[in-house]
Amino acid sequence: MSTNPWGQFKDDVIRALDGALSRLGWAVSVPLDATLEEPPDPKLGDIATRICFDLAKLHRKSPAVLAAELGKEVRPEGLVERVEVAGNYVNFFVDISRLAELTLQTIEKDDRSYGCSDVGQGKKVLIEHTSVNPTKPLHIGHGRNAVIGDVMARLLRALGYQVEVHNYIDDMGRQVAETLLAYRLIKEKPKAKFDHMLGLIYSDMHGRIEREPELEEEVRKILARLEQGTGVDPKQARRLSEKCVRANLETTDRLGISYDVLVWESDLVRSGILGETLQKLKDTKYLVEGTGEYAGALVLKLSDFGLEDKVLVRSDGTAVYTMRDIAYQLWKFGKTEVELKFRLHSRRPDGTRTYTTSQRGRINKRFGRADMVINVVGAEQKFPQEVVFNSLRVLGLEREYENSYHLAYEHVWLPSGRFSGRKGTWIGFTVDDVIEEAVARSRAVVEEHAPGASESFKRRAAEFVGVGAVRYSLISTSPEKRITFKWEEALSFERNSGPAVQYSHARACSILRKAKTVEFKPVDGAFKLPQEQRLVKLLAKFPQAIQEAGLRRQPHLLALYAAELAVAFNSFYEVAPVIEAETPELRDARLRLVNGVRVVLRNALELMGIKAPERM
RNA sequence: GGGCCCGUAGUCUAGCCUGGAUAGGACAUGAGCCUGCGGAGCUUAGGACUCGGGUUCAAAUCCCGACGGGCCCGCCA
């Protein structure tokens with residue numbers, strides 16, 4: 001049985017088309033599936049071919065004439081019910097009964113795995129996301145990064161990949177140094193969650209550092225000691241960072257995001273991996289002693305790859321950030337001799353065991369060694385990411401280069417402008433704040449809809465609706481577009497929102513609950529309404545929707561699909577009584593359809609990391 | 001100076017990779033639909049491809065050039 005009903009219909013179209021073309025003796029130069037498209041109106045057909053435009057050149061006849069000839073020659077087979085010619089197009093109509101039966105049977109059989117496939121079978125993909133400096137709470141912009149990464153991880157798992165999620169913690173950067181200084185100097189600390197408190201004292205201290213040169217000097221000293229690993233500073237920085245990360249993880253837990261591994265910059269640096277990577281690069285002709293203004297530094301020459309040169313080691317012997325990223329990227333692919341050491345960091349509420357790099361840990365060869373690497377990193381870092389990826393080519397790792405992806409996303413803005421840690425414009429827009437507000441607003445709506453429900457139900461419902469709204473709003477826009485955060489948009493409960501999809505799911509569940517049992521009888525020709533047929537087709541397309549979203553690394557496509565299905569279900573609901581259907585046969589068929597919608601909405605919601613409630 | 005990304009109705013957004021039929025959807029606005037399986041709903045009306053050129057039988061889509069917004073080009077991260 002096919003696990004991709006619409007794909008099967010497409011294959012049947014191609015076979016029918018191919019048969020007709022060969023009977024006519026018409027040669028074509030393009031792959032047939034590239035000539036297929038969806039007609040603008042379902043009345044015209046379900047799949048169209050525009051091949052007659054191509055044929056027109058060879059045959060010196062008008063596309064319309066060719067379409068008429070071709071249309072006559074096509075013999076419907078499989079899921080293709082009939083063919084119509086309209087102008088320059090040959091349009092294929094799906095046999096809706098057979099498609100419905102195939103789709104519903106597949107859904108009923110596969111259930112939770114409907115939509116999944118095995119295109120990534122045997123391949124491991126490593127996704128790095130979040131990677132926030134451990135000196136502050138996550139604001140909603142970090143939330144976008146984390147949710148994009150998390151949905152990618154879920155999508156790729158559904159495609160059969162083995163997925164490992166990393167969160168990289170830079171505990172050696174300037175922000176950590178400044179925060180450590182602030183932590184020491186500011187005695188009266190604001191009473192807040194640890195990461196919020198750090199964020200507040202950091203923005204406080206940053207202004208002072210700019211005004212007072214001796215503080216700037218102190219930051220530089222701390223930074224140097226972090227680099228060298230000497231004295232108490234590195235230990236304290238790590239401790240502070242640890243506490244901050246634990247607080248950050250509470251936030252991501254609440255969003256339903258988990259990590260397999262936390263990788264600490266200090267562990268990476270002290271593992272010896274940098275030295276190894278540096279030596280490897282030195283052995284190539286691309287890493288050279290700088291000249292002129294770069295005298296004393298080591299410069300990676302990338303002009304062969306169409307990139308500007310990049311200093312990797314400063315004249316004082318310290319490595320720049322990008323150098324560390326290169327070493328990390330090599331490790332991700334299992335291309336370093338040096339092994340990192342790991343220990344269990346924590347068990348998350350969803351059951352995930354999160355591991356962490358650690359000096360005192362053990363080598364664990366199940367981590368890393370990926371076939372594909374996806375870094376969810378802001379679009380402004382395109383150049384450094386290119387440097388990292390091209391370093392792989394420098395080392396002769398062409399395959400690894402080709403399997404390195406920068407999932408670039410634009411930042412979230414406030415109506416007043418950019419987020420700034422220094423200016424503290426994030427205050428009030430942390431993920432914690434936004435979820436809090438979202439849950440409060442959902443609570444009011446839940447109260448309205450289920451006044452008689454128990455307190456614990458209302459609390460749970462408000463939580464999953466609020467979180468669903470926030471997550472949906474963060475992934476529903478294509479990553480390369482900037483989002484301007486607005487409360488009324490992020491927390492929308494109306495259609496085209498997370499809660500709207502949840503609502504449709506709950507409604508489907510409600511119908512099935514009322515109906516008590518579903519008879520799995522053949523649907524035959526039951527689905528006559530356009531609303532029913534549209535649902536069948538959408539359900540059939542779910543596996544393709546997942547593949548597109550996953551393989552193109554465009555998680556927003558999944559959100560759009562889910563919203564489309566939810567809206568289509570609402571339209572169906574208005575016109576098609578299920579339990580009180582005109583005949584028992586129709587009732588059974590519609591119940592199967594509703595059940596199919598339920599399964600697909602649930603699977604789609606779970607892929608988005610949003611709870612699929614049976615009641616709300 | 002060089003490079004990258006974005007520009008679609010009052011607002012937000014899909015489509016651009018791979019050119020093809022009346023550019024899809026949402027919010028807001030106007031008009032309808034509630035004694036109905038959950039109205040967080042449905043139906044319906046009006047409204048958009050930034051601008052010029054070019055390629056093509058055909059351009060929102062490809063190419064060139066403007067314009068507007070953002071970003072990168074650091075021995076910062």
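Naming convention: chains lettered A, B, ... in sequence-line order (proteins, then strands); numbering from 1 in each chain. Only this structure's heavy atoms are used, side chains among them; waters, hydrogens and symmetry mates stay out. None of these values were measured; they are calculated from a predicted model.
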Counting the atoms with a prime plus P, OP1 and OP2 as sugar-phosphate, which does [X] contact under 4.0 Å by heavy atoms, base, sugar-phosphate, or nothing?
X        : result
A:Arg418 : sugar-phosphate
A:Glu293 : base
A:Pro63  : nothing
A:Ile579 : base
A:Ala490 : nothing
A:Phe383 : sugar-phosphate
A:Asp33  : nothing
A:Asp170 : sugar-phosphate
A:Leu312 : nothing
A:Ser476 : nothing
A:Ala295 : base
A:Ser571 : sugar-phosphate
A:His411 : nothing
A:Ala563 : nothing

If the [atom1] atom of [N] is compared with that of [M], how far apart are they to the nearest Å?
N     : M     : atom1 : result
B:G46 : B:G65 : P     : 40 Å
B:A59 : B:G1  : C1'   : 33 Å
B:C27 : B:A9  : C1'   : 12 Å
B:U50 : B:U61 : C1'   : 16 Å
B:U8  : B:A23 : C1'   : 9 Å
B:U13 : B:G53 : C1'   : 29 Å
B:A60 : B:G54 : P     : 15 Å
B:C33 : B:C17 : P     : 45 Å

Just name whichever nucleotide pairs with B:G19, Watson-Crick or G-U, keeping both distances under 3.5 Å, else none.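 None - no nucleotide pairs with B:G19, as no candidate has both distances under 3.5 Å.
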Side-chain N or O of [X] versus OP1/OP2 of [N]: is the shortest distance under 4.0 Å?
X        : N     : answer
A:Arg590 : B:C37 : no
A:Tyr409 : B:C5  : no
A:Lys382 : B:C73 : no
A:Lys486 : B:U11 : no
A:Arg314 : B:A77 : yes
A:Arg50  : B:A58 : no

Classify the side chain of A:Ser315 versus the base of B:C75 as yes if they form a donor-acceptor pair under 3.5 Å and no if they do not. yes
[Y]/[X] salt bridge by N-O under 4.0 Å criterion:
X        : Y        : value
A:Arg220 : A:Glu217 : yes
A:Glu564 : A:Arg534 : yes
A:Lys61  : A:Glu69  : yes
A:Glu532 : A:Arg592 : no

Take A:Phe53 and A:Met616, find for each the nucleotide of RNA chain B with the closest heavy atom, and name the residue whose nucleotide sits nearer the 5' end.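 The residue whose closest nucleotide sits nearer the 5' end is A:Phe53.
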Take A:Pro39 and A:Asn570, find for each the nucleotide of RNA chain B with the closest heavy atom, and name the residue whose nucleotide sits nearer the 5' end. A:Pro39
Options [options], nucleotide nearest the side-chain atoms of [X]:
X        : options             : answer
A:Val311 : B:C17, B:G38, B:C75 : B:C75
A:Asn91  : B:A14, B:C42, B:A21 : B:A21
A:Arg482 : B:G70, B:G38, B:A14 : B:G70
A:Lys481 : B:A77, B:G38, B:G7  : B:G7
A:Ala48  : B:G15, B:C75, B:A21 : B:A21
A:Ile511 : B:C37, B:G74, B:C17 : B:C37
A:Tyr294 : B:G39, B:G41, B:G74 : B:G74
A:Thr477 : B:A77, B:U13, B:G39 : B:U13
A:Leu557 : B:G15, B:A21, B:C6  : B:G15

For atom [atom1] of [X] and atom [atom2] of [N], their distance in whole Å:
X        : N     : atom1 : atom2 : answer
A:Glu494 : B:G38 : CD    : P     : 21 Å
A:Leu512 : B:G38 : CG    : P     : 11 Å
A:Lys43  : B:A21 : NZ    : C1'   : 14 Å
A:Glu480 : B:G7  : CD    : C1'   : 13 Å
A:Glu37  : B:G24 : CD    : C1'   : 15 Å
A:Asn496 : B:G41 : CG    : P     : 11 Å
A:Tyr573 : B:C42 : OH    : P     : 12 Å
A:Gln381 : B:G74 : CD    : P     : 14 Å

As a test of understanding, state which of A:Phe419, A:Phe485, A:Trp426 forms a ring-ring contact (aromatic ring centres under 6.0 Å, His included) with A:His139.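 Result: among A:Phe419, A:Phe485, A:Trp426, A:Phe419 is the only option passing the ring-ring contact (aromatic ring centres under 6.0 Å, His included) with A:His139.
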Hey, which of A:Lys541, A:Arg50, A:Lys10 is the one that makes salt bridge (Lys or Arg N to Asp or Glu O under 4.0 Å) with A:Glu38? A:Lys541
A:Glu447: which of A:Lys458, A:Arg459, A:Arg441 passes salt bridge (Lys or Arg N to Asp or Glu O under 4.0 Å): A:Lys458
If the test is side-chain contact (heavy atoms from CB on, under 4.5 Å), which one of A:Asn133, A:Asn248, A:Val132 qualifies with A:His142?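 It is A:Val132, the one option of A:Asn133, A:Asn248, A:Val132 that forms the side-chain contact (heavy atoms from CB on, under 4.5 Å) with A:His142.
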Any side-chain heavy atom of A:Asp46 sitting closer than 4.5 Å to one from A:Pro39? no
Checking side chain to side chain donor-acceptor pair (under 3.5 Å) for the pair A:Gln329/A:Ser391: CA distance, chi angles, key distance, verdict? CA-CA 9 Å; A:Gln329 188 79 4; A:Ser391 299; over 6 Å; no
